[in-house]
Amino acid sequence: QVQLVESGGGLVQAGDSLRLSCAASGRTFSSNHMGWFRQAPGKERAFVAAIAVSAGTTYYEDSVKGRFTISRDNAKNTVYLQMNSLKPEDTAVYYCGTKIRDGDFSIPYLYASWGQGTQVTVSS
């Protein structure tokens, strides 16, 4: 089973950038689709971005298109989320997960092996 550890969060100002990393342990990383989700206080976990095994296909939530970029390095067992032009509404705990079931990439319950999350706070 894959174990995930997110890092790279922090407190930034609106317009700044952050790069989140999700390091995976386990031999199956390269065979898993991966996703980033976020959860703001009092809200459900929401889809941010996903990347297919081959890294040739990516998916984004509409509000982050053009600002966020998901990528993966299978040699390093790591998935990244480059976040540019951050906005206060991007404030949340960010989680990565492995997609374990077929279906829409934006559905949280199709993912497992969630990490502990990394806090991103964007001040205005």
Side-chain angles (χ1 to χ4, degrees):
Q1 184 175 353
V2 176
Q3 293 182 318
L4 305 174
V5 178
E6 301 95 338
S7 62
L11 172 62
V12 297
Q13 294 185 331
D16 286 350
S17 298
L18 281 174
R19 189 175 81 154
L20 306 184
S21 298
C22 171
S25 63
R27 295 177 293 176
T28 61
F29 172 81
S30 61
S31 63
N32 289 119
H33 304 313
M34 301 294 295
W36 282 99
F37 289 74
R38 62 188 178 187
Q39 189 164 15
K43 295 187 176 181
E44 296 186 351
R45 193 165 297 189
F47 173 71
V48 176
I51 187 165
V53 168
S54 66
T57 304
T58 56
Y59 307 85
Y60 295 95
E61 192 271 328
D62 286 346
S63 70
V64 307
K65 285 181 181 177
R67 299 190 297 124
F68 291 10
T69 302
I70 187 171
S71 61
R72 68 188 296 161
D73 185 336
N74 288 339
K76 295 183 178 180
N77 281 7
T78 302
V79 178
Y80 304 98
L81 185 68
Q82 177 66 44
M83 306 188 296
N84 299 329
S85 302
L86 282 162
K87 304 176 180 180
E89 51 264 44
D90 294 319
T91 295
V93 178
Y94 284 70
Y95 300 89
C96 63
T98 57
K99 192 172 185 289
I100 60 170
R101 298 183 181 90
D102 290 338
D104 192 319
F105 276 72
S106 68
I107 300 176
Y109 69 76
L110 299 184
Y111 291 77
S113 303
W114 300 101
Q116 83 292 344
T118 185
Q119 176 71 48
V120 172
T121 303
V122 184
S123 63
S124 58

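Because the structure is predicted, anything quoted here is derived from the model rather than measured. Along the sequence shown, residues carry numbers from 1.
Hydrophobic clustering (side-chain heavy atoms under 4.5 Å, transitive across Ile, Leu, Val, Met, Phe, Trp, Tyr) groups Tyr95 together with Ile107. Taking hydrophobic clusters as Ile, Leu, Val, Met, Phe, Trp and Tyr residues chained together by side-chain heavy-atom distances below 4.5 Å, Leu110 shares a cluster with Phe47. Transitive grouping of hydrophobic side chains (ILVMFWY, heavy atoms separated by less than 4.5 Å) keeps Val48 and Tyr80 in distinct clusters.
Using a distance-only test at 3.5 Å, with no hydrogens or angles considered, a donor-acceptor pair links the side chain of Thr91 to the main chain of Val122. The backbone N or O of Ile70 lies less than 3.5 Å from a partner atom in the side chain of Tyr60, making a donor-acceptor pair. Thr98 contributes no side-chain N or O that, together with a main-chain N or O of Tyr111, makes up a donor-acceptor pair within less than 3.5 Å. Judged by distance alone, with hydrogens and angles left aside, the side-chain atoms of Asp73 form a donor-acceptor pair with the main-chain N or O of Ala75 at under 3.5 Å. Glu6 contributes a side-chain N or O that, together with a main-chain N or O of Gly115, makes up a donor-acceptor pair within less than 3.5 Å. Looking at Lys65, its side chain never comes within 3.5 Å of a backbone N or O of Arg67 through a donor-acceptor pair.
Nearest heavy-atom pair, Ala40 versus Ala92, reported as atom, atom and distance to 0.1 Å: N-CB, 3.9 Å. Nearest heavy-atom pair, Ala112 versus Ile100, reported as atom, atom and distance to 0.1 Å: CB-CD1, 3.5 Å. Ser21 and Thr78 get closest at one heavy-atom pair: CB-CG2, 4.3 Å.
Here the SG-CG distance, from Cys96 to Leu81, works out to 10.0 Å after rounding to the nearest 0.5 Å. Remark: Cys22 SG to Leu4 CG distance equals 4.0 Å, nearest 0.5 Å. Atom NZ of residue Lys87 and atom OG of residue Ser124 lie 13.5 Å apart, to the nearest 0.5 angstrom.
Annotation for Gln3: atom CD does not count as buried by contact number, only 12 or fewer foreign heavy atoms lying within 6.0 Å. Within 6.0 Å of atom CD in Gln116, more than 12 heavy atoms from other residues, nucleotides or ligands are found, so the atom counts as buried in its surroundings. For Asp102, the CG atom counts as loosely surrounded, since its 6.0 Å shell holds 12 or fewer non-hydrogen atoms of other residues, nucleotides or ligands.
In this structure, Arg45 is not positioned above the aromatic face of Phe37 in the sense of NZ or CZ being under 6.0 Å from the six-membered ring centre and within 45° of the axis.
A 4.5 Å side-chain heavy-atom check between Ser106 and Tyr59 finds every atom pair outside the cut-off. Between Ser17 and Gln82 there is a side-chain heavy-atom pair separated by less than 4.5 Å. Residues Val93 and Arg38 are not in side-chain contact: their nearest non-hydrogen atoms beyond the backbone lie 4.5 Å or more apart. Leu86 is listed as a side-chain neighbour of Phe68, based on a closest heavy-atom distance under 4.5 Å. Inter-residue side-chain proximity for Val120 and Met83 is flagged as met; some heavy-atom pair is nearer than 4.5 Å. Within the 4.5 Å cutoff, the side chain of Asn32 has no heavy atoms near those of the Lys99 side chain. Taking 4.5 Å as the limit, some side-chain heavy atom of Asn74 sits within range of a side-chain heavy atom of Arg72.
Using cut-offs of 30° and 60° for the angle between ring planes, the His33 and Phe105 rings count as tilted.
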